[in-house]
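Labels below follow one simple rule: chain letters A, B, ... track the order of the sequence lines, proteins then strands, and each chain is numbered from 1. Since we're looking at a predicted model, the values are computed, not measured.
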Protein chains: 2
Amino acid sequence: MPSCSWDRSLAVTTDIVIFTIRDRRLALLLVKRTEAPFQGEWALPGGFVGPDEGLKACATRALDEQTGMSGVYLEQLYTFGDPGRDPLQRVISIAYYALVPSDRLALRAPAEPQAVGWFALEQLPPLAFDHCEIVALAHHRLVSKLTYSTIAFQFMGEKFTLSELQAVHEIILAQRVDKRNFRKWALALEQIEPTGEERRDGKHRPAQLYRLKFPGRVEIIR
Amino acid sequence: MPSCSWDRSLAVTTDIVIFTIRDRRLALLLVKRTEAPFQGEWALPGGFVGPDEGLKACATRALDEQTGMSGVYLEQLYTFGDPGRDPLQRVISIAYYALVPSDRLALRAPAEPQAVGWFALEQLPPLAFDHCEIVALAHHRLVSKLTYSTIAFQFMGEKFTLSELQAVHEIILAQRVDKRNFRKWALALEQIEPTGEERRDGKHRPAQLYRLKFPGRVEIIR
DNA sequence: GCGATTAGTGTATAAAATACACTAATTTTA
DNA sequence: TAAAATTAGTGTATTTTATACACTAATCGC
């Protein structure tokens with residue numbers, strides 16, 4: 001079955017589930033579609049894969065063009081290609097997910113002006129295409145990776161406290177964790193180190209700041 | 001960047017890493033290419049995704065057409081799409097991996113006659129395209145899943161002994177495991193049950209035969 | 001200086017994983 | 001037909017890992 005049996009309407013795209021922690025909730029970024037199909041509805045950012053463009057490069061470019069973010073953690077998730085997932089043409093989409101530190105949520109005005117916004121995962125609007133399924137899979141992957149990798153560290157800014165790191169875990173797992181056990185676990189990984197500085201905010205004891213020893217690196221643990 | 005910027009040479013394919021246990025080794029199935037590029041070289045089986053064909057359906061069809069096998073465990077692995085991975089056209093390939101029970105290795109004469117054969121993973125010939133990378137990733141995924149799922153059960157025939165199941169684990173992990181601990185682990189999963197029959201072979205005590213309670217089902221454990 | 005608030009620390013218990021050696025049943029051979 | 005050879009089958013003790021749990025420390029605002 002050679003490729004020439006295709007008419008011109010085959011397309012390959014990437015879709016990106018961009019997670020962050022916002023207002024103590026797991027949130028993701030959506031864009032409002034400006035074209036058919038699903039015009040005016042919310043969808044995952046993404047774009048068509050260019051003729052000489054790698055898949056991850058396409059996701060990186062879409063991320064930059066539509067949100068102004070770059071240098072964030074980005075990993076391939078799954079490929080969706082059911083015929084009929086786009087009513088107008090056959091689209092095969094390689095889904096990625098990205099994790100954005102809380103200190104980099106500022107959205108640059110996008111190249112193609114369009115509505116862009118952060119939504120709490122628990123309060124998403126209806127999504128175009130099969131994007132709801134993609135989000136569900138990405139969420140599942142994230143929760144699962146939390147328990148056997150250092151992926152959550154990618155949500156942290158350059159400097160962070162152990163309490164902040166713990167809060168990120170609690171938000172993603174949607175359950176409280178024991179403070180002493182968490183700190184034991186986090187420090188035993190040998191992936192973070194104290195900066196020597198402290199963070200003071202509020203009327204309480206200041207907290208030691210930590211940084212990643214290997215920014216951008218995600219270790220498989222256990 | 002709309003899809004019409006593509007010329008006709010975009011293609012989407014699936015490639016399948018078909019694992020089995022053969023001669024007490026982890027082995028996989030390769031086909032000899034009959035067309036350019038890489039004509040005459042060994043490659044993973046696979047095929048072009050049809051205009052109205054789902055991705056998994058494409059992999060299933062390729063598996064059937066090129067090897068005569070059907071009904072085996074099949075899971076999406078990763079999508080490879082570097083420009084230049086095929087020298088003649090832009091090809092984006094969704095890789096799958098399949099696990100074949102040892103009692104189903106008979107290869108039907110393929111629809112399009114071509115050389116097909118099983119190769120020990122440790123003694124693969126040079127492979128076409130980036131298939132070596134695909135195999136490496138599939139192998140990594142398999143080893144990794146072994147420790148947190150019941151995936152190895154998919155290598156077993158309809159009836160099997162605990163020693164045979166243990167051997168499969170030892171072959172994939174490339175290390176011996178303790179017999180008593182392994183049996184404790186395997187039985188505690190509650191995924192297998194005795195058939196009541198015994199297997200006699202050789203001059204030794206016969207072994208209890210077991211079967212899967214839920215054939216085709218892979219449980220995440222731990 | 002006292003109240004409020006969050007940061008920071010250790011130990012005891014429970015659960016899980018690991019290490020380890022003999023008896024049982026069968027076939028072959030002497 | 002008894003002994004040798006071979007693989008099947010079984011339990012317990014030890015180590016490691018995970019969990020549960022409560023108080024002191026430092027700062028800010030009043």
Side-chain angles (χ1 to χ4, degrees), chain A residues 21 23-24 102 143-144 146-150 152 156-157 159-171 173-211 219-222, chain B residues 21 23-24 102 143-144 146-150 152 156-157 159-171 173-211 219-222:
Chain A
I21 306 288
D23 300 333
R24 303 187 64 83
S102 310
V143 171
S144 154
L146 201 67
T147 65
Y148 69 86
S149 81
T150 58
M156 309 315 295
K159 299 171 183 177
F160 54 89
T161 70
L162 290 181
S163 293
E164 288 164 356
L165 183 59
Q166 179 177 345
V168 167
H169 277 254
E170 291 178 335
I171 289 162
L173 294 173
Q175 63 179 20
R176 302 299 305 273
V177 307
D178 180 84
K179 191 204 273 193
R180 280 174 290 193
N181 293 339
F182 178 82
R183 291 161 105 94
K184 245 180 291 179
W185 173 85
L187 293 171
L189 295 171
E190 300 194 326
Q191 298 292 310
I192 60 177
E193 59 190 4
T195 66
E197 302 156 282
E198 292 183 328
R199 168 164 301 161
R200 317 168 104 79
D201 61 332
K203 48 174 182 175
H204 53 80
R205 179 173 175 175
Q208 178 59 242
L209 284 169
Y210 289 79
R211 71 174 142 246
E219 294 280 316
I220 305 299
I221 52 183
R222 258 199 182 187
Chain B
I21 307 288
D23 300 333
R24 301 188 64 83
S102 310
V143 170
S144 154
L146 201 67
T147 65
Y148 68 87
S149 81
T150 58
M156 310 314 295
K159 299 171 183 176
F160 55 89
T161 70
L162 289 181
S163 292
E164 289 163 355
L165 182 60
Q166 180 177 343
V168 166
H169 276 254
E170 290 178 336
I171 289 164
L173 293 174
Q175 63 179 19
R176 303 298 306 273
V177 307
D178 180 85
K179 193 204 271 193
R180 281 173 290 193
N181 292 339
F182 178 81
R183 290 160 103 94
K184 246 182 290 179
W185 174 83
L187 293 171
L189 295 171
E190 301 194 326
Q191 298 291 309
I192 60 177
E193 60 191 1
T195 66
E197 303 157 280
E198 292 183 329
R199 167 165 300 160
R200 318 169 104 78
D201 62 330
K203 50 174 182 175
H204 55 80
R205 177 173 175 176
Q208 178 60 243
L209 284 169
Y210 289 80
R211 72 174 144 244
E219 294 280 316
I220 304 300
I221 53 184
R222 257 198 186 189

Atom CZ of B:Arg222 and atom C1' of D:dT17 are separated, to the nearest Å, by 11 Å
Rounded to whole Å, CG of A:Leu209 lies from C1' of C:dG8 at a distance of 14 Å
Of the listed D:dG9, C:dG8, C:dG10, the closest approach to the B:Lys179 side chain comes from D:dG9
Between CD of A:Gln208 and C1' of C:dT9 the distance, given in whole Å, is 14 Å
- Would you check if the side chain of A:Gln208 reaches a backbone N or O of A:Gly196 as a donor-acceptor pair within less than 3.5 Å? yes
Numerically ordered, the residues 196-206 of chain A set in heavy-atom contact under 4.0 Å with DNA chain C is A:Lys203, A:His204, A:Arg205, A:Pro206
Separation of C:dG8 atom C1' from A:Glu164 atom CD, nearest Å, is 15 Å
Taken to the nearest 0.5 Å, the spacing of A:Ser102 OG from A:Met156 CE works out to 6.5 Å
A:Tyr210 meets the ring-ring contact (aromatic ring centres under 6.0 Å, His included) criterion, sequence neighbours left out, with none
No-H, no-angle donor-acceptor pair, B:Lys184 side chain to D:dT12 base, under 3.5 Å:
yes
Per nearest nucleotide of DNA chain C, the residue lying toward the 5' end, A:Arg183 or B:Asn181, is A:Arg183
note: A:Leu162, atom CG; D:dA25, atom C1'; distance rounded to Å ~ 16 Å
Between B:Glu164 and B:Lys159, the two heavy atoms sitting closest are OE1-O, 4.4 Å
request  = Ignoring backbone atoms, test whether B:Ser163 places a side-chain nitrogen or oxygen under 4.0 Å from the OP1 or OP2 oxygen of D:dT7.
outcome  = no
For A:Asp178 and A:Arg180 the tightest heavy-atom approach is OD2-N, 3.1 Å
Heavy-atom nearest pair, B:Val177 first then B:Glu170, reads N-OE2, 3.0 Å
Practice problem: Give a yes or no answer on whether the side chain of B:Thr195 reaches the backbone of B:Arg211 with a donor-acceptor pair at less than 3.5 Å. | Solution: no
note: A:Trp185, atom CH2; C:dG10, atom P; distance rounded to Å ~ 20 Å
Rounded to whole Å, the OH-P distance (A:Tyr148 to D:dT17) equals 21 Å
Rounded to whole Å, CG of A:Asp178 lies from P of C:dG10 at a distance of 14 Å
Of D:dA8, D:dT10, D:dT19, the nucleotide closest to the side chain of B:Arg180 is D:dT10
